[in-house]
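So that the names make sense, note that chain A is the first sequence line, chain B the second, and so on, each numbered from 1. All values below come from the heavy atoms of this structure, side chains included, with hydrogens, waters and symmetry mates left out.
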Protein chains: 2
Amino acid sequence: MDSGVKKPGVTSSQVARRAGVSQSAVSRTFTPGASIAPKTRAKVLAAAKELGYRPNAIARSLITNRSRIIAVVMAYLENLFYPDVLEELGRLLVKENYRLLLFTGFIDRNSDPVFDQLMQYRVDGIVLASTSLSSELSEECAAAGIPVVLFNRTTERDAVSSVTTRNREGGRRIGEFLLAGGHKSFGYISGLESSSTNRDRFAGYREALAEAGYDDIIVEVGNYDRAEAEAAARKIFARPDRPEALFVANDHMAVAVMDVARYEFGLAIPQDISIVGYDDVGPARWTSYGITSMTQPIKRMVEATVSILMEQISSGEIEAEHRILNGELVVRTSARLPKTGIVEVDGRRLYKPSKS
Amino acid sequence: MDSGVKKPGVTSSQVARRAGVSQSAVSRTFTPGASIAPKTRAKVLAAAKELGYRPNAIARSLITNRSRIIAVVMAYLENLFYPDVLEELGRLLVKENYRLLLFTGFIDRNSDPVFDQLMQYRVDGIVLASTSLSSELSEECAAAGIPVVLFNRTTERDAVSSVTTRNREGGRRIGEFLLAGGHKSFGYISGLESSSTNRDRFAGYREALAEAGYDDIIVEVGNYDRAEAEAAARKIFARPDRPEALFVANDHMAVAVMDVARYEFGLAIPQDISIVGYDDVGPARWTSYGITSMTQPIKRMVEATVSILMEQISSGEIEAEHRILNGELVVRTSARLPKTGIVEVDGRRLYKPSKS
DNA sequence: AGCATTTTTGCATTCGTATGCAATATGGAT
DNA sequence: ATCCATATTGCATACGAATGCAAAAATGCT
């Protein structure tokens with residue numbers, strides 16, 4: 001009842017004494033590849049087990065100058081895409097013997113406390129999902145030799161790597177799909193206008209439509225937010241020239257838009273309106289929604305992220321690397337089907353037009 | 001290009017030299033409440049800024065024997081309840097100047113590597129959500145003076161605290177609600193049968209029904225899993241004596257069950273069947289589902305969790321504490337309404353029968 | 001100014017582990 | 001048994017910051 005102190009914990013010296021060896025021997029026992037005789041090692045392990053010893057990662061970090069911790073900054077967890085990413089990141093990092101220090105919420109202000117904390121723990125790498133970093137901060141990381149990977153975002157900035165999918169091609173594919181479905185008027189509910197992801201998706205969509213002669217897209221801003229997406233949907237659906245086809249910048253918003261369409265405007269999907277989303281997130285697959293959506297291959301994206309980190313950590317070279325993966329357009333029930341171009345792969349229906 | 005080494009980073013000694021003071025002075029500058037003259041402090045801060053110095057949290061932890069890291073073990077992130085919890089935990093811990101080390105996936109086996117890692121980082125506390133801990137492990141934590149809090153689960157085990165809601169009363173309330181709605185036959189789709197949460201919810205439900213003379217509840221196991229819940233729903237809906245009312249142990253499963261009811265069995269909700277869930281998770285609020293559901297007050301649950309941790313950390317006393325909060329039954333459209341007992345509070349409709 | 005307090009400072013040590021180096025032990029070949 | 005190459009060990013030190021202690025400086029009081 002006195003205290004307020006955590007119990008000290010067993011140290012390598014205590015184990016050493018118990019095993020009748022030096023502290024160095026204990027250290028070497030727990031250092032893979034170190035020079036230690038099997039017999040000594042066994043003695044040490046026995047003593048360690050008796051005392052309940054575990055190497056102190058903090059002390060180790062201090063001397064190796066490696067924390068084996070990766071900071072992950074992630075916000076917007078209400079979009080199931082990100083929890084999925086997080087779970088996969090956790091899995092892979094553990095496999096590489098790294099720990100995941102999570103920062104939720106955004107890094108927005110300039111001299112950010114979150115960033116400070118992150119640097120104080122001397123993390124070995126940083127993953128930024130649904131968040132960016134000011135240029136000063138990213139340069140500071142580069143200067144400190146800490147690799148930074150943007151997840152599902154990209155930037156021109158030096159020394160910051162990124163993992164994305166071909167958002168522009170994705171947007172284009174969606175445009176082509178809707179055109180092939182025979183639609184004649186088009187709308188778009190955008191994500192955050194400042195995000196590269198949103199810009200690219202829209203650019204591709206617009207290109208595809210423009211090539212077919214459709215230059216007027218009805219655009220409203222949803223900012224990747226449910227409530228804003230609902231508001232945007234209401235504006236679009238209330239128009240006399242309501243579009244026949246609507247691309248919503250991600251599924252998280254598309255779900256909300258579909259509810260507005262059906263329950264506030266009495267629209268039948270896809271008879272009255274076709275809706276296409278992006279991410280192929282959990283709810284997109286639920287029967288109530290069945291959203292036709294561009295897939296983002298989370299597993300491969302996370303693999304790429306981790307591999308960039310591992311590579312840069314072990315080489316010490318922080319040269320920006322940009323991995324861009326392919327997605328697929330999964331066809332479900334939220335949009336009218338084109339006559340051709342739909343193929344079935346592993347039980348999923350994809351849109352793969354067979355042009356040159 | 002040679003290297004593979006992280007840049008060493010600025011140390012307190014370098015700052016000290018630059019500022020013309022001792023290393024101690026630098027340390028005291030960054031230690032709140034330490035004895036340092038304002039003038040000296042200013043000099044140090046200036047020098048620190050010039051050099052880009054940040055205290056090394058690792059080195060600090062080593063000597064203070066406090067990592068200011070809380071380990072959070074969480075699985076089952078596809079249930080949006082948990083990402084919500086995680087976000088809130090992150091927010092509160094940062095406010096208390098703690099960091100969040102996340103472990104995804106379950107702790108199942110006995111001598112678990114995850115647990116080892118967690119102990120190696122000398123975390124100051126542990127939060128277990130959607131996961132438990134074997135008795136040996138929890139005792140080991142207690143012995144090491146590390147507080148452990150179970151989130152949304154409980155246990156009889158000494159030295160492990162817990163935060164839950166009144167699941168039994170919740171189940172009972174749901175039973176009463178369905179009875180008041182005039183239903184005559186009842187079903188239950190269970191969560192993990194080993195979880196305290198599931199046991200308590202079902203116990204309360206059964207009690208309420210038994211008191212009204214209904215002893216036969218049709219039960220199928222969903223294990224808190226979407227696919228299993230769908231299978232369970234199919235079994236129940238295919239019965240000739242399909243129940244009029246169905247309590248699904250959480251919303252994550254209830255969503256799946258509703259889709260099966262509507263799209264595979266053509267059932268109208270709530271005309272043909274009433275469905276009630278638990279958690280009041282995001283999708284429960286979406287118009288397509290509108291699930292009548294027992295709320296779990298995430299914010300207050302997280303507050304309780306953090307406050308238990310902070311208290312035990314600062315006192316050094318690891319005495320198991322069990323906080324049990326109240327939930328409310330939010331009434332939406334997935335279940336037939338009783339004639340009385342529905343009140344509106346802050347725009348939400350709640351079921352609050354006015355019995356003694 | 002002189003003395004007593006209080007505040008501020010620097011010194012030296014400590015936390016628990018890793019590692020270069022020199023010393024010692026081991027094994028093999030002769 | 002002797003010698004040499006190799007494997008293993010312990011010693012001593014370093015990592016970066018916090019802190020008890022004593023010395024030094026600043027302040028208050030008469």
[N] [atom2] sits how many Å from [X] [atom1], rounded?
X: Gln14(B); N: dC15(D); atom1: CD; atom2: P; result: 10 Å
X: Arg17(A); N: dG16(C); atom1: CZ; atom2: P; result: 12 Å
X: Arg66(B); N: dT19(D); atom1: CZ; atom2: P; result: 11 Å
X: Asn56(A); N: dT14(C); atom1: CG; atom2: P; result: 18 Å
X: Leu51(B); N: dG16(D); atom1: CG; atom2: C1'; result: 15 Å
X: Gln120(B); N: dC15(C); atom1: CD; atom2: C1'; result: 17 Å
X: Asn65(A); N: dG16(C); atom1: CG; atom2: P; result: 20 Å
X: Ile58(A); N: dC15(C); atom1: CD1; atom2: P; result: 16 Å

Requested in this report: Give Ile36(A) one of three labels, base, sugar-phosphate or nothing, depending on what nucleic acid heavy atoms sit under 4.0 Å from its own.
Outcome: sugar-phosphate
Requested in this report: Remember a base hit wins even if backbone is also touched, and classify Val21(B) as base, sugar-phosphate or nothing at under 4.0 Å, heavy atoms.
Outcome: sugar-phosphate
Give a yes/no answer on whether the side chain of [X] brings an N or O atom under 4.0 Å of OP1 or OP2 in [N].
X: Ser27(B); N: dA17(D); answer: no
X: Ser35(A); N: dA7(D); answer: no
X: Thr11(B); N: dG16(D); answer: no
X: Tyr121(B); N: dG16(C); answer: no

Query raised in the report: Would you call Arg300(B) and Glu303(B) a salt bridge, taking side-chain N to carboxylate O under 4.0 Å as the test?
Result: no
Query raised in the report: Between CD of Glu319(A) and CD of Gln312(A), what distance do you get to the nearest 0.5 Å?
Result: 8.5 Å
Requested in this report: Kindly indicate whether the side chain of Ser24(A) and the base of dC11(D) share any N or O donor-acceptor pair separated by less than 3.5 Å?
Outcome: yes
Between [options], spot the one nearest the side chain of [X], thanks.
X: Arg60(A); options: dG16(D), dT17(C), dT8(D); value: dT17(C)
X: Tyr53(A); options: dT17(C), dA17(D), dC15(D); value: dT17(C)
X: Arg28(B); options: dT19(D), dC15(D), dC11(D); value: dT19(D)
X: Ala37(B); options: dG10(D), dT8(C), dT17(C); value: dT8(C)
X: Ile63(A); options: dA12(C), dG10(D), dT17(C); value: dT17(C)

Query raised in the report: Looking at residues at least two apart in the chain, or sitting in another chain, which of them share a side-chain contact (heavy atoms from CB on, under 4.5 Å) with Arg28(B)?
Result: Ser24(B), Ala34(B), Ile36(B)
Query - Flag, side chain of Arg41(B) to backbone of Thr29(B), donor-acceptor distance under 3.5 Å - result: yes
Query raised in the report: For Gln23(B) and Lys39(A), take the nucleotide of DNA chain D holding the closest heavy atom to each; which residue's nucleotide lies nearer the 5' end?
Result: Lys39(A)
Query raised in the report: Which one of Leu101(A), Val73(A), Val72(A) satisfies the side chain to side chain contact (heavy atoms under 4.5 Å, CB included) criterion with Leu118(A)?
Result: Val73(A)
Report summary line: Judged by nearest nucleotide, the residue sitting upstream toward the 5' end of DNA chain C, Val26(A) or Gly20(B), is Gly20(B)
Query - Greater than 12 external heavy atoms within 6.0 Å of Glu50(A)'s CD - result: yes
